[in-house]
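These figures come from a predicted structure and were not determined experimentally. Start at 1 and go down the list; that is how both ligands and their atoms are numbered.
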Amino acid sequence: MAPDLKKPSSSVSILGLGYVGLCTAATFASRGIRTIGIDIDEARIEQIRRGRAPVHEPQLGEMLKRVVKKKLLDATSDVSRATDTNTSFLTVGTPSQPDGSIDLTYVKQATRELGKALQKKQSYHLVVVKSTVIPGTTNGTVNPVLEQSSGKVVGPSLGLCANPEFLKEGTAINDALHPDKIVIGSNDKKSADQLTRLYREFYGSRLPPVITSSPETAELVKYASNAFLATKVSFINTIANIAQHIPGVDVNRVADAIGHDPRIGHLFLKAGPGYGGSCFHKDVQALVSYSQQQGYDPQLLKAIEKTNEDQAIQVVELVEKLAGPLDQKRIAILGLAFKKDTDDIREAPSIRVIDRLRNKGARLVGYDPMAMPNFESVFGNTIELAKSSHDVLKGGDCAIVMTEWDEFRRLKAKDYIAQMRKPVLVDARRIYNPAEFRELKFAGIGFGSEPLGPGSQAEPS
Ligand SMILES: NC(=O)c1ccc[n+]([C@@H]2O[C@H](COP(=O)([O-])OP(=O)(O)OC[C@H]3O[C@@H](n4cnc5c(N)ncnc54)[C@H](O)[C@@H]3O)[C@@H](O)[C@H]2O)c1
């Protein structure tokens, strides 16, 4: 029997069932909160209604199966079902425009449809903007669209909050169940109180710190958070690129040492080929564009992006240093996903590196345990794809580790030697202990000035 969503306890509707919306919906439902997921993608809805996850995310499939079976979560394309709940979250995408600024088309559309559905609702309804939106969007865009489409005034009968999401792909369910904070931006106490009550019901005694602010502050918290993390990555990559010119230096040791300072910390100081994924690049670009519109040119943020973009050059230079001119060389790309445990290739550093290697005439063969279907659907047969992590190495002149998959960590020096025409390896993710790869020509991001070769001394990691 379908749950009676008109009962007075909390019930939520989630508009947009992508990574964020679906993980949010599944976790709400897993805590017994009756949840309706709404999307415009019928195929996606059909899959969810059958308890199947349309995206690869650890723990999501199991959780979805359970909550759908218990009828705690239903999915529909009928937005009027939102009126059966007392809180609606907007979790639609906020992509970039070609100039880097935020595209609010989906936010406006979903708000308009929700507003129309709320026209006849008598009781109080809270609308929560969970999508990442630039400061001023909740009050300046969502509010007027909602008022116009619902015929109501935001305030006593219609609540509105900004409540950014901080979960990460690959650990989204765990992040949603154990967030380090909840940020609620509102203009009135009534809406903030209803949202806090909902989270109290969700988390019980484990309620994390709830930070209340204006909607604009809450919106900026999300951008500041992603921009800071992107800064840490570009910072340690800058140190790595300097370290590469100094004999006997290893950036991992530098990162570990500075991380002991509590003002710095250990996390997000892993040198590599640069950040990727659907958020960092998009959000830093949107913040730069927004800031410029306000009349302030954020030099630091632009440098973070440029450093990240250029990190692909560093990887390719290491390849050339070890393998010589790249024309007609066969290069193995180990990993296409932007990080391990996801099939997501959006903004992946592998794509930037592949692009540069192709321009230099290299012949490329790639392998990824999870992301090859996504890669193929976007890039077709621009590069050859291999069947396994051993297969990809066959006949290669150089191999590059682009994603830190556990499967690649298990490869030993002898595996590279057995398969490759020339055993040359660039560890762009620093997953290997260089001391164990002395028999290969080996280089890693941020590792000394001399590429290792047979018989050379490596500092143990
Ligand atoms: N992916 C992440 O790791 C992450 C983390 C934190 C925050 N965010 C932010 O959360 C938001 C959503 O991101 P995502 O990655 O889940 O997006 P996504 O692109 O994976 O999913 C968006 C979903 O919204 C649906 N949709 C579009 N218009 C709709 C409408 N009118 N009504 C109902 N559904 C509609 C789409 O069909 C799609 O299923 C973005 O603002 C993003 O920046 C993302």
Side-chain H-bond candidate by donor/acceptor type, Glu384 with Tyr367, under 3.5 Å: no

Test side chain to side chain contact (heavy atoms under 4.5 Å, CB included) applied to Ala110 - qualifying residues, sequence neighbours left out: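 Result, side chain to side chain contact (heavy atoms under 4.5 Å, CB included) vs Ala110: Leu15, Leu90, Val92.
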
Amino acids in close contact with ligand 1, where any non-hydrogen atom sits under 4.0 angstrom away: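 The 4.0 Å shell around ligand 1 contains Gly16, Leu17, Gly18, Tyr19, Val20, Ile38, Asp39, Ile40, Arg44, Thr91, Val92, Gly93, Thr94, Tyr106, Ala110, Glu113, Ser131, Thr132, Glu165, Leu167, Glu169, Lys222, Ser278, Cys279, Lys282.
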
Polar side chain donor-acceptor pair, Tyr290 to Glu219, under 3.5 angstrom: no

Non-neighbouring partners of Ser96 that pass side chain to side chain contact (heavy atoms under 4.5 Å, CB included), sequence neighbours left out: Lys282

Ionic contact status for Lys190 with Asp188, cut-off 4.0 Å: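 Between Lys190 and Asp188 there is no salt bridge, as every charged N stays at least 4.0 Å from the carboxylate O atoms.
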
Listed once per pair and sorted, the ring pair (Phe, Tyr, Trp, His ring centres under 6.0 Å) pairs that draw on residues 40-94, sequence neighbours left out: Phe28-Phe89

